[in-house]
Every structure is written in structure tokens, then in C-alpha cells.
Amino acid sequence: MASLFEKDITELRGVGPKRATLFKKIGAPTVGDLLRLYPRAYEDWRDCVPIRSAAMNEVNVVKATVLRRPTQTRVRGGMTLYKTAATDGQDDLQLTFFNNRYIPTLLEEGKTYVFRGKVTGMLLRREMVSPAFVPESKAQDMAPVYPQTEGLSSRQISAAMAEALRLLPETVRDPLPDALRMEYTLCRLEYALKTVHFPRTPEELATARRRLVFEEFLVLQLGMAQIRRAGARENPYPLPNDCTEAFEKLLPFAMTGAQKRAVADALRDMNGPHPMNRLIQGDVGSGKTAVAAALCFNVIRNGMQAALMAPTEILAAQHYESLSALLAPANIRTALLTSSTKAKERRALLASLESGEIDLLIGTHALLNEQVSFRRLALVITDEQHRFGVAQRTALAKKGVFPHTLVMSATPIPRTLALMVYGDLDVSVLDELPPGRTPVKTYLIDPEKRERAFGFIRKRLAEGRQAYIVCPLIEEGESGAENLAEYSRLVGESFPGVAVGVLHGKLKPKDKDAVMASFASGQIRLLLATTVVEVGVDVPNAVVMMIENAERYGLSQLHQLRGRVGRGKFESFCILVSDPENHDALHRLKLFASTNDGFKVADEDLKLRGPGDFFGERQHGLPKLRIADMMSDMGILHEAQRCAKALAQEDPALEKPEHRALRAEIRQLFASQGGAVVL
Ligand code: ADP
Ligand code: MG
């Protein structure tokens with residue numbers, strides 16, 4: 001049976017090598033992949049209306065008989081028009097098609113068809129231009145709409161799908177065993193596949209979808225459980241001594257309750273039976289670095305090494321500066337390794353790392369380089385985890401070392417989503433900001449007030465503070481202020497005598513670092529930047545974050561940007577510049593301006609924009625969901641989680657014969673999409 005699913009797409013009637021390339025492009029090299037390419041929407045073909053009562057300028061479905069053979073007229077511009085008319089017995093409908101020479105053969109005089117399209121014209125002369133249509137005998141209530149690509153229309157995909165379904169045998173090997181389907185009231189796979197592509201009613205579709213969504217979530221959950229199992233080896237680096245008190249003496253401040261809890265969680269893990277695998281979620285400014293430092297200190301005092309990985313050189317350098325200063329009094333030796341470390345220095349560094357002279361190595365993903373080897377690496381921390389992805393997280397483990405891992409994320413992720421994406425991790429939340437912070441004040445202004453905002457910034461600069469202005473770098477051709485070059489001219493004029501730096505993604509990393517370093521040192525007073533400033537940079541003297549075209553950003557991204565200010569003792573401001581005419585955006589931005597709580601912002605963002613905004617495409621390293629929707633299918637997710645837990649109890653390695661198909665499914669899903677699962 002598996003053979004049908006592995007059949008090459010060209011084995012379908014009507015799919016030649018040329019079209020096969022297009023099918024590959026949309027992710028369906030085999031018949032099985034095609035069957036799992038679900039419609040992204042359905043066109044409703046029910047509710048046929050009499051031509052007379054069709055709503056003007058809206059999509060309508062009408063059943064009508066073609067009155068005459070379509071006639072062809074050539075018009076200017078090389079266009080060919082085909083015109084005919086159809087009647088429902090009472091009224092006529094004019095039909096016009098462009099450049100489709102098959103129309104005369106597809107629409108036969110005297111035959112009845114169902115047409116679907118926008119009705120235009122006037123009361124007495126109604127018209128449809130290029131409607132979709134099917135012969136009455138083939139009419140279906142709901143037509144699937146597929147993600148198409150150039151040269152391959154949704155209708156062609158639909159035809160291939162019908163062909164593929166025709167090949168589907170009576171009984172497909174169903175990855176969900178009967179008992180499980182009974183328990184969770186799920187239909188059979190073949191019924192689900194047939195129905196999801198060609199549903200007859202919304203109720204049938206719901207039944208089919210439920211089953212497929214459940215399966216998708218279940219396979220994902222089980223896959224993650226397998227990762228957990230694979231990681232559940234003996235703890236090679238237990239930490240018998242808790243040295244947190246000694247660490248606290250080094251800190252210039254007292255840890256918050258949340259920081260203490262996170263440290264305790266992690267220490268408990270690291271002294272437990274298995275290597276730690278923990279996520280720390282903390283809003284910007286919640287003090288994740290201190291937690292990281294406390295854990296590194298503990299590991300090092302217990303005679304082992306630690307590594308801290310940051311997504312950018314700027315951030316790595318910043319961590320290096322603050323941590324080496326903090327830990328040096330305790331005779332802890334810290335080193336920085338990035339791709340710009342000079343060869344000679346690098347050789348020396350790698351040698352002392354291997355000999356164990358270096359206790360803590362900080363750097364970018366250069367740390368993952370195969371030449372880097374530690375004497376006794378017990379802890380790997382990755383900062384701003386969402387930028388790395390699961391694949392990189394496991395890269396160190398692939399080197400044969402299985403250290404404790406801690407990932408730190410400043411993107412607050414709503415709980416349900418965290419469960420889904422980080423299902424294989426334990427989570428600590430830093431839900432308490434260090435004391436003495438004045439919350440950032442957020443203002444929303446329209447572009448006419450820009451001059452006043454500039455005036456406000458000039459005042460802060462005159463007081464010795466610094467400021468950011470973020471504006472999107474847009475391709476040429478768009479209007480004035482949106483263009484970075486244009487905009488920087490405007491800023492230059494508005495801030496005479498001020499040292500302005502420009503930072504954008506097209507700069508070389510070296511130049512970027514130079515600009516950032518000079519802003520951090522206070523030479524540059526005003527930084528004009530695209531969103532590259534988003535990640536973790538700490539310049540406490542910067543007190544204004546002005547964001548142009550704020551409506552272009554997701555709330556979580558805005559929150560990250562806002563987190564760049566309010567990091568020191570000065571009162572800080574975030575100014576959102578946005579055109580008030582866009583009501584949806586206005587609503588979002590108003591909400592954003594009203595709270596400083598990152599988790600609230602994240603929840604709202606999830607509601608408004610869906611989960612895509614939290615992780616770039618596949619950044620989290622998990623397979624992409626094909627049918628499930630994380631927002632609307634939350635209920636099914638919970639059921640699938642319950643089921644996954646029960647299975648993990650009953651048959652953790654999925655070795656029972658009735659689970660074999662399910663196991664194959666998991667392996668295939670994670671393998672085909674480049675996930676980092678070791679099964
Ligand atoms: P993030 O969680 O965004 O990485 P950081 O670790 O950069 O936050 O901390 C932000 C600032 O707060 C730093 O300047 C840090 O020294 C300071 N800080 C961290 N913890 C505390 C604390 N418990 N009390 C006072 N200041 C703190
Ligand atoms: Mg940080």
C-alpha cells in the first residue's frame with residue numbers, strides 16, 4: 001500500500017515531465033505528497049440564485065443554459081474575446097471570456113452549466129466576465145482552491161487530485177489504529193483524504209479536517225517526544241555544588257525573585273538524572289544575562305566549561321564585555337570567538353579552550369565550527385533562541401558532546417504556542433522586571449507631527465541622551481520619506497550638528513559593528529536604522545525610539561524595538577509614526593501603546609496575525625503545518641497532546657505492530673522537512 005504514496009507524480013494520467021516539475025515546485029513530487037497538499041480554501045458553489053436576484057458586483061452562482069455557440073471577436077492589443085449568453089428560463093446572462101480558445105468547445109449550445117463569478121452590468125443586462133463553470137452534471141457544492149504556481153492552476157491541481165484519489169485503494173494503511181480512532185472519534189484516512197479535497201457539505205469537510213488536523217498534531221507531538229527520548233540520556237555533568245550565593249556577591253544588584261527561580265530551576269535540572277533542556281522566556285530587560293551568568297558560574301565552579309552563543313557579533317561582543325568584567329574578580333577566564341577573530345589569536349584561543357584554561361567561551365555561531373573543541377563542556381546557552389532554530393541547537397550535540405542546554409528568548413510566546421513549538425523543553429518565565437525601571441512611555445502620532453517629534457528628540461539629545469529612529473528600507477520608487485536615503489537627508493537637515501549614524505542590513509557585518517560600536521560609545525548620538533537594531537543591543541543612554549511606518553511591523557517586533565530603550569536610569573519614550581487612516585493598524589498600535597507587558601502584546605499579536613509572526617518561516621526547525629491552524633484548532637491540539645501522552649506511556653518507542661505506520665509517518669514528516677530529529 002505504501003507504494004501508492006511513493007509513486008512518482010508522473011504516474012498520474014495527464015502529468016508529464018514538464019508538469020511534474022511544477023508539481024515538485026509546489027511540494028508534490030509523489031502521489032502521496034499530492035494527496036497531502038490540502039486546499040487552502042473552498043469556493044462555495046451552493047446557493048444557486050436566479051439571474052434576476054443575483055447580487056450586483058458580487059460573486060454569484062447561477063445555473064443557466066447556453067443560448068448559442070460562443071462567437072469570437074478580435075480586439076485591439078491582440079486580445080480575443082469570446083461572447084455568448086445563457087438563460088435560466090426567465091432572464092439572460094451575458095458571458096464574456098478573454099483569450100481562451102477552448103471556450104467554443106467547452107460551452108455547448110443548449111447545454112446547462114453552473115457558472116460562478118462576479119455579476120456586473122445593469123438591471124436588464126447582466127453579465128459575468130470570465131466566470132468559472134462546470135457542466136450541470138458535474139456540479140459540486142464546494143470546489144477546492146489549491147496553492148497554485150505559475151503554469152499550474154488550481155483547477156489543474158484539482159484534476160490531478162481527482163486522478164490520484166481514483167487510484168486510492170479501498171483500504172489505505174491508516175497510521176491511526178482503529179482503537180485510537182474510536183476513542184477520539186476520528187474518521188478513516190481514505191475517507192478524510194477524499195473528503196478534504198472534494199467535500200460535498202461543510203459538515204463532511206469538518207469531519208475530514210478534524211481527523212487530518214488531529215493526525216498532524218499527533219505526529220508532531222510524538223516526534224517531539226521522540227526527540228526528548230533521544231535526549232534522555234544519563235546526565236554526564238551533574239552539578240553537586242550550588243555556588244549561587246558566591247555568585248550573588250559578584251553582582252552589583254540583587255537578583256529578582258524571577259531570576260532566582262529560573263536559576264534554581266536550571267540548577268535542579270543540571271543536577272538531575274538527565275541533561276538539562278530548558279527555555280528561559282523573559283521580556284526585554286528582564287535580566288536574562290544575569291541568569292546565564294549565574295549558571296555559567298555554577299558550572300565553572302564545579303570544574304567544567306560553559307559556552308554562550310549569541311545571534312550577532314555585536315551582541316556576542318556585548319555579552320563578552322559585561323560577563324568578563326563581572327566574572328574576572330572570581331578568576332574566571334572568559335574568551336570571545338567570532339568569525340572576525342584573527343587566525344593567530346584564534347589558534348591560541350582554541351588551544352587554551354582544549355586545555356581547559358578558558359572557562360567560558362562567548363561567541364556567535366562560529367562556536368559551532370568543528371575545529372572548536374572543549375575540554376569539558378557542560379553547558380551551552382543560546383541567547384535569542386528563535387534566531388537559531390532547533391537545527392543549530394543540536395549541532396553541538398552532534399559533535400558527540402551532550403551538554404546541558406539552555407535557550408533564552410526575548411520573544412514572549414503565548415503559552416499554547418510555546419507548548420507546541422518548544423514541546424521538548426522545560427520552560428522558565430522571567431515575569432518580573434528588575435526594580436527601579438520607569439516604564440517606557442509610548443506615543444502614537446501621525447506623520448504631520450513628525451517635526452514636533454524631531455523637536456522632542458533634539459531636546460533629549462541636548463540633554464546628553466541618545467536616540468534611535470527606525471525606518472523601513474524600501475526599494476526605490478516608493479514615495480519620499482519611506483526611502484532611507486531620502487529620509488536620512490531629512491534627518492540630516494532636522495538635526496544640524498548632530499552625529500548621525502546609519503545602520504541597515506545591506507552593510508557589511510564589519511561596518512555594521514563599527515556603527516553600532518560608535519553608537520554604544522556615545523560618539524554617534526542619533527542612530528537611523530532599519531530593524532537590524534532589533535536584537536538585544538544594550539545602550540542605556542538611548543532614551544527615544546522613534547518608529548516610522550509603525551503599522552508595517554508586527555506587535556512583537558515593535559515590542560522588541562521598544563525594548564532597546566528604557567534600559568537605563570533615564571525616562572524613555574517610544575514614538576510610533578503612522579498614518580491614522582488605516583483603522584486596523586490604528587487599533588493594533590493603540591493597544592500596543594497602552595501596555596508594556598510583552599506577554600499581553602504577544603497574545604494580541606497571535607490573535608491578530610497568527611503564529612507565523614513569532615518565527616520566520618521554519619526558523620524554529622519544526623515541520624510546517626500542512627492543514628492545522630494553531631489558532632482555530634487549539635481544541636484538537638489539546639486532544640492530540642492527551643493522546644500523545646497516553647501513547648508515550650503505553651508504547652514509548654512505538655514498537656507495537658499497530659503503531660508501526662504511525663512511526664513511519666513521524667520519521668517521514670521530520671525527515672522530509674529537514675527537521676533535526678534523531679529517530
Ligand atoms: P535581557 O533579559 O533583555 O537580556 P539584560 O540581561 O540585558 O536583559 O538586563 C537588562 C539590564 O538590567 C542590564 O543592564 C542588567 O544589568 C540589569 N539587571 C538585570 N537584573 C537586574 C536586577 N535584578 N536588578 C537590577 N538590574 C538588573
Ligand atoms: Mg539579552
Side-chain angles (χ1 to χ4, degrees), residues 244-245 247-266 278-297 307-329 360 362-364 381-388 406-413 427-440 466 468 516 520 532-543 545 556-572 574 596-599 601-602:
T244 309
E245 250 176 67
F247 171 77
E248 287 183 285
K249 295 212 177 90
L250 296 173
L251 270 184
F253 45 75
M255 283 203 280
T256 64
Q259 283 171 318
K260 282 185 189 158
R261 276 193 297 280
V263 171
D265 285 346
R278 180 168 288 276
L279 166 71
I280 292 193
Q281 268 198 54
D283 210 345
V284 279
S286 58
K288 291 184 289 294
T289 318
V291 174
L295 299 176
C296 291
F297 183 88
L308 173 61
M309 208 157 55
T312 64
E313 299 217 352
I314 302 173
L315 208 52
Q318 228 169 47
H319 279 321
Y320 173 70
E321 269 153 41
S322 59
L323 292 189
S324 56
L326 178 70
L327 300 174
L360 171 60
I362 296 174
T364 54
I381 301 177
T382 49
D383 195 10
E384 310 295 347
Q385 151 69 11
H386 62 295
R387 312 235 150 206
F388 280 107
L406 180 79
V407 298
M408 306 197 292
S409 171
T411 309
I413 301 166
V427 182
S428 300
V429 179
L430 295 185
D431 50 5
E432 182 184 348
L433 288 184
R437 294 274 166 85
T438 30
V440 178
Q466 289 165 281
Y468 299 93
M516 205 56 229
V532 291
V533 287
E534 190 192 333
V535 185
V537 176
D538 194 14
V539 180
N541 192 44
V543 296
M545 167 62 70
S556 296
Q557 202 178 4
L558 287 176
H559 189 65
Q560 287 290 315
L561 287 169
R562 178 165 63 182
R564 299 304 111 225
V565 296
R567 301 175 77 83
K569 51 185 181 294
F570 310 106
E571 184 169 34
S572 298
C574 176
N596 271 304
D597 181 338
F599 283 93
V601 169

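Start at 1 and go down the list; that is how both ligands and their atoms are numbered. Computed from a predicted structure; not experimentally measured.
Residue contact check: A254 has heavy atoms under 4.0 Å from atoms 22 (C), 23 (N), 24 (N) of ligand 1. For ligand 1, the atoms lying closer than 4.0 Å to a non-hydrogen atom of T289 are 4 (O), 5 (P), 6 (O), 7 (O). Near T256, meaning under 4.0 Å from one of its heavy atoms, ligand 1 places the atoms 23 (N). Taking every heavy atom of S286 and a limit of under 4.0 angstrom, the matching atoms of ligand 1 come to 2 (O), 8 (O). If you number the atoms of ligand 1 from 1 as listed, the ones under 4.0 Å from a heavy atom of M255 come out as 23 (N).
Counting only distance, with no hydrogens or angles, the side chain of K288 and the backbone of G282 share a donor-acceptor pair below 3.5 Å.
Rounding to the nearest 0.5 Å places CD1 of I362 at 7.5 Å from SG of C296. Summarising the geometry, atom CZ belonging to F297 is positioned 10.5 Å from atom CD belonging to E248; distances are rounded to the nearest 0.5 Å. The CD1 atom of I381 lies 8.0 Å from the CG atom of L360; values are rounded to the nearest 0.5 Å.
Residues satisfying the side chain to side chain contact (heavy atoms under 4.5 Å, CB included) criterion with N596, sequence neighbours excluded, are P439, V440, R562. With sequence neighbours excluded, the residues forming a side chain to side chain contact (heavy atoms under 4.5 Å, CB included) with S428 are A262, D265, R278, I280, listed by chain and number.
What you find for F570 and P540 is that their closest heavy atoms are CD1-O, 4.0 Å.
Using 4.0 Å as the threshold, G282 has no heavy atom nearer than that to any atom of ligand 1.
When the heavy-atom distances from atom 3 (O) of ligand 1 to G285, G566, P540, A293 are ranked, the shortest goes to G285.
Proximity of Q259 to ligand 1, defined as any heavy-atom pair under 4.0 Å, is confined to the side chain (atoms from C-beta onward).
Looking at P434 next to ligand 1, no N or O pair under 3.5 Å apart turns up.
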